[in-house]
2 protein chains.
Amino acid sequence: MATAGKVDRPQVDRVDRVDRVDRVDRVDKVEERRRELADAALQTLSALGYARTSLREIAQNSAFSHGVLHYYFRDKVDLITYCVRRYKAVCVQRYDQIVATARTPEGLAQGFADGLVATLVADAHMHRLWYDLRSQALFEDSFRADVLEIDSTLERMIWRIVSRYAELTGSPVLTGESMTYAMFDGLFQQALLRHLAGQEGAEVHLHASVRRLIDQVVPATSR
Amino acid sequence: MATAGKVDRPQVDRVDRVDRVDRVDRVDKVEERRRELADAALQTLSALGYARTSLREIAQNSAFSHGVLHYYFRDKVDLITYCVRRYKAVCVQRYDQIVATARTPEGLAQGFADGLVATLVADAHMHRLWYDLRSQALFEDSFRADVLEIDSTLERMIWRIVSRYAELTGSPVLTGESMTYAMFDGLFQQALLRHLAGQEGAEVHLHASVRRLIDQVVPATSR
DNA sequence: GCGGATTCTGGACGACTGTCAAGATTTTGA
DNA sequence: TCAAAATCTTGACAGTCGTCCAGAATCCGC
């Protein structure tokens, strides 16, 4: 009868070690199931888009029936919000491995451009979901806070790469954090639409324009 | 009984002047009603977003009942597609007046930045609809062709401004047509989200970053 | 002003939606 | 092992959706 959201156990008299471990296990289990359902939701959303995704469809892409969604999530907005947050986790881990390795500025720039093109092709459905949800945030303020937070995360991610590049070249970065992100995001979004539309040059064009934007944002030092 | 789409009149024996005028009048009248309904649809869509807009809601924002929509449009996709096309017409006329007047590069750059900020604030709902529909095109290929065409139109519009600016300063433009558009679009989209989220600095930040991007794309000549 | 074509209304349809709750099933703790 | 708690299934609910259609209302040439 109790919903999973509020993990309240009546007998909280003796809070010994065992009980605490139990509770953590319980919470972890609930959280794990939530993640499982959210992943099914993300898969469905990235395939159909926000406007055409129903709870029953999500449930069919999971191992459970549609009723269980209301056991782990208050309502649809709660589920989608959780999905948006989860998306961030998947997203950040994806990008950060790009920066870690490179030592030369050329290697970093090339690795960055390569990485963007690679994820453009490999994760196109996930990326279009992001742009779809961000568009929803223009209308529904339920998602807005989370979307803005993810945007900030991506912003910092781009900034880490660009400022690292500037550090390696010894030049300053001409644009601010958010402006830099906005421009790269614009390039990526354009490439995504073209890629999904089947335009052949999309990937190559993205690669070239990313390389060019890097050089534009941190000017080449003549040496 | 006949639907308005296929304007077929049985008696086409004597195609005289009067008949021809008649037909034109008929077509114009149907087209006018289509535009009227499409405008109601655009108003509704820009208020609610694609996912939450129903045909009945659109009809309520017009002077007609919901049945008439299927008299002038085959189905929902047909209506929305028509709306997307109509959006372009509204859109282009809006921007082109920005360029026409300016004579000095400074005037043009300032007018451009001012214009973008002005439309960001005044037409925020229309702009968020555009980004919403463009996101839909990532999923539904019904809209894709029209969306891509509108994107090209906007691309050329931006290019006209930037290349005119370059012409006035005597410097070349460093980036291509589509890359230039993508970057400005990224800036604008970021500003739109922040503006709708109520962040105060959004407009000022857009203005500053647009000015900066202009100078970045066509380098200042020292003279 | 009449008669046919055009335009519009409003209701009905089947399908689908989010939400909920009663009960079956499984897990858990003593 | 057994009862209670947690978890899951299933069916039902009140709406809303896009679509269609019979007929009312309007327009227009004669």
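Here C:dT17 presents its P atom at 13 Å from CD1 of A:Ile80, a figure rounded to the nearest Å. Distance CG (A:Leu69) to P (D:dT10): 14 Å, rounded to an integer number of Å. For the pair A:Glu32 CD and D:dA6 C1', the interatomic distance rounds to 15 Å; values are reported in whole Å. Look at CZ on B:Phe73: it is 14 Å from P on C:dT7, rounded to the nearest Å. Distance CD (A:Glu57) to C1' (C:dC16): 11 Å, rounded to an integer number of Å. One can place OH of B:Tyr71 at 18 Å from P of D:dT19, the figure rounded to the nearest angstrom. At whole-Å resolution of the value, CZ in B:Arg52 and P in C:dT17 are 16 Å apart. As rounded to whole Å, 14 Å separates atom P of C:dT17 from atom CG of A:Leu79.
At the phosphate of D:dT16, neither OP1 nor OP2 sits under 4.0 Å from any side-chain N or O atom of B:Ser54.
Results of the ring-ring contact (aromatic ring centres under 6.0 Å, His included) test with B:Tyr82 over B:Tyr72, B:Phe143, B:Phe73 single out B:Phe73 as the only residue that passes.
Proximity of the aromatic rings of A:Phe112 and A:Phe184 is defined here by a centroid distance below 6.0 angstrom, and this criterion is met. When ring centroids are compared, A:Tyr87 and A:Trp130 come within the 6.0 Å threshold.
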Which pairs, protein N/O on one side and nucleotides 19-21 of chain C N/O on the other, fall under 3.5 Å?
unit_1, atom_1, unit_2, atom_2, d
C:dT19, OP2, A:His70, NE2, 3.1
C:dT19, OP2, A:Lys76, N, 3.0
C:dT19, O4, A:Arg56, NH2, 3.3

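A salt bridge does not link B:Asp151 with A:Arg194: none of the charged nitrogens is closer than 4.0 Å to a carboxylate oxygen. Salt-bridge formation is not detected for the pair B:Arg211/B:Asp114: no Lys NZ or Arg NE/NH1/NH2 atom is positioned less than 4.0 Å from an Asp or Glu carboxylate oxygen.
Base engagement by A:Ser65 is indicated by at least one non-hydrogen atom pair under 4.0 Å involving a base atom.
For B:Gln136, the side chain to side chain donor-acceptor pair (under 3.5 Å) test picks out A:Arg52, B:Asp132, with sequence neighbours left out.
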